[in-house]
Amino acid sequence: MDGYTDAWERADAGERRKSGIFIESVVIREIRGFIEIMKIADIVGARPQFIKVAPVLRAIQRHNETHPENPIQEVLVHTGQHYDYEMSGVFFDDLGLKPPDYHLGVGSGTHGYQTGEMLKRIEEVLLAEKPDVVMVYGDTNSTLAGALAAAKLRIPVAHVEAGLRSFNKRMAEEINRVLTDHISDLLFCPTQTAVENLRREGITQGVYLVGDVMYDAALQYLALAEQKSRILERLGLKPKDYALATVHRAENADDPQRLRAIFAGLEAIAQTGLPVILPLHPRTCKQAESLGLSLNGVRVLEPVSYLDMLLLEKNARVILTDSGGVQKEAFFFRVPCVTLREETEWVETVETGWNVLVGCDRERILGAALAAQSGVESAWPYGDGKAGEKITRVLEGWEGE
Ligand code: UD1
Ligand code: UDP
C-alpha cells in the first residue's frame, strides 16, 4: 500500500476533506491527492517574474480566503538568477511577496551552466515537495529549467505568458518560450495573438486566454506607487518632460556596435534638452564600463524599484526600451514607446501605433523619440486585469491529464 492509500484508509471518511486542511503539513501532503488540495510550485528567478507571480499569488490567497474548504497550497521557488537587491529583494518588498520557500542561489553564468544548475536544484525541490502543478512565467532560463525539471518528473507544467513569439530564434528567450510551450499542459495566454501562435504550432489543448498578468500588476500597484514613490521629486522631474530608457537585451548589451549606437541615440535626445533617465540593468552597466562607453547628458541610475518604475513610466513623455515588460507598461499608461529592437512579441503595441520598432540606429532613435505621438484607441488586447483570478479558477477546476 503506498503512502497516499495508507493515509486515505486511515482517515475517517466524514472527516477526510475537513481534516486534510488543518492537520500537520506532512500529512496534508500524504492525503491531499484524495481530498483534492491542489499544491502548486511557482518557479521564479528574474526581475519580471517577481512581478508576474504577484497577481497569481494574490488571487490564490483570495481563493483560499473565500474557499477554505478547497484551498490551493503554493510553494515559491526562487532560482537565484537575479540576486542584487535592486534586481530581486526590492520586488519582494514593493510587491509584498512572502519570502521564497526555497532560494536555490544559482546566480549568473553561461546559459548551459545556469540552466543546468537550475534544473538540478529545481528537481530536488520537486522531488521533496511533490506538487500537482509547476507554474513557470515568461521566457527566461528560470522558465525553461522549471518546465523541463517538472516535465521530466511527469509533473504537469502551467506556463503563464504562453504563446509569445518574436520569430527570432537567435534570442535565448525565443528558445525558452517555444520549448516551454511544447512541454506545458496548461498554457495561459495573455493575448489572442498568443493563442493563434500556439494553434499554428499545433498546440490547442489546455490553452486559456486569460489576459496579461503584468496588466493585473500595473493596475494593482499603481495606486501604491502614487502614494509611496517620491522618484519624480527626488530626480527633479516634471511630468511629460523627460524620456525614460531601459536597455538590457543580450542582443544589444553584448554587441558593442549596437550598444554604442543606442547610447549615441540616447545622448542625442539629451542634447535636444529633453532629460533622459536610464535605470541601467547590471548586464549593460558591466558592458558599458568594459567598453568605456560614454553617456553624456544622460542620467544613469541603478535599476529602480517597481513602484518607482511605474511612476517614471506613467509620467514619461516617451519611453525607449528593449524590454518586453516595459513596452507593455508604456502601452498600459498610454505613453508612446520606441523599441530598440527589430521585432517584438507584443505586436498589438505596434499595430495600434503606440510603439515603433527602430532597432539600434542613432538617427532613427532620435527621430522616433522626437516624433513620438499617441497611437489609436482600440480594443484592449491585454485582458481585464483579472488574469490572476482566471488562472486560479482554471487551476481550481483542473483534474489533470
Ligand atoms: C534575463 C533573461 C531575460 C530577461 C531579463 C530580465 C535569460 C536568458 N534572460 O536576462 O529574458 O529579460 O533577465 O531582466 O534568462 N547580473 C548582476 N546582478 C543580478 C543579475 C544579473 O550583476 O542580480 C549581471 C551578471 O553579470 C549576469 C548578467 O547581469 O551575468 C546577465 O544576467 P542574466 O540573468 O544571465 O540575464 P539577463 O540579462 O538579466
Ligand atoms: N523594471 C523595474 N525597474 C527597472 C527596470 C524595469 O522595476 O529599473 C520593471 C518594469 O517595470 C517591468 C519589468 O521590470 O515590470 C521588466 O523587466 P525587464 O525589462 O528586466 O525584463 P523583460 O520584461 O524584458 O523580460
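From a predicted model like this one, the values you see are computed outputs, not experimental measurements. Just follow the structure's listing: the first ligand is 1, and inside any ligand the first atom is 1.
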Is there a heavy atom in Ala46 that sits closer than 4.0 Å to ligand 2?
no

Say whether Met214 and ligand 2 are in contact under the criterion: heavy-atom distance to a ligand atom below 4.0 Å.
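Per 4.0 Å heavy-atom rule, Met214 contacts ligand 2.
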
Kindly confirm or rule out an N or O of Thr140 lying under 3.5 angstrom from an N or O of ligand 1.
no

Hey, is ligand 2 close enough to Val304 that some N/O pair sits below 3.5 Å?
yes

Can you check whether Asp322 has an N/O within less than 3.5 Å of an N/O in ligand 2?
no

Starting from [atom], locate the nearest protein heavy atom and write down its residue, its atom name and how far away it is, to 0.1 Å.
{"atom": "atom 3 (C) of ligand 1", "result": "Glu173 OE2, 3.2 Å"}
{"atom": "atom 22 (O) of ligand 1", "result": "Lys286 NZ, 2.7 Å"}
{"atom": "atom 4 (C) of ligand 2", "result": "Arg47 NH1, 3.3 Å"}
{"atom": "atom 18 (N) of ligand 1", "result": "Asp84 OD2, 2.9 Å"}
{"atom": "atom 25 (C) of ligand 1", "result": "Ser108 OG, 3.4 Å"}
{"atom": "atom 36 (O) of ligand 1", "result": "Arg283 NH2, 3.3 Å"}
{"atom": "atom 24 (O) of ligand 2", "result": "Arg249 NH2, 2.6 Å"}

Pick one of side chain, backbone, both or neither for how His281 approaches ligand 2, counting any non-hydrogen atom pair under 4.0 Å.
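Within the 4.0 Å criterion, His281 makes no contact with ligand 2.
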
If you measure from each non-hydrogen atom of Ile51 to ligand 2, which part falls under 4.0 Å: side chain, backbone, both or neither?
side chain

Measuring from [atom], which candidate in [options] has the nearest non-hydrogen atom?
{"atom": "atom 39 (O) of ligand 1", "options": "Gln287, His82, Gln81", "result": "His82"}
{"atom": "atom 16 (C) of ligand 2", "options": "Ser323, Gly324, Ala218", "result": "Ser323"}
{"atom": "atom 37 (P) of ligand 1", "options": "Glu174, Arg47, Gln114, His281", "result": "His281"}

Do any heavy atoms of Arg249 fall under 4.0 Å from ligand 1?
yes

Would Pro48 count as a contact residue for ligand 1, given that I'm defining contact as a non-hydrogen atom of the residue lying under 4.0 Å from a ligand atom?
yes

At less than 4.0 angstrom from any non-hydrogen atom of Tyr306, what atoms of ligand 2 do you find?
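Every atom of ligand 2 under 4.0 Å from some heavy atom of Tyr306: 7 (O), 15 (O).
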
Could you tell me which non-hydrogen atom of Val304 sits nearest to which non-hydrogen atom of Leu312, and how far apart they are?
CG2-CD1, 4.2 Å

As an exercise, state the distance from CG of Asp255 to CD of Gln287, rounded to the nearest 0.5 Å.
9.5 Å

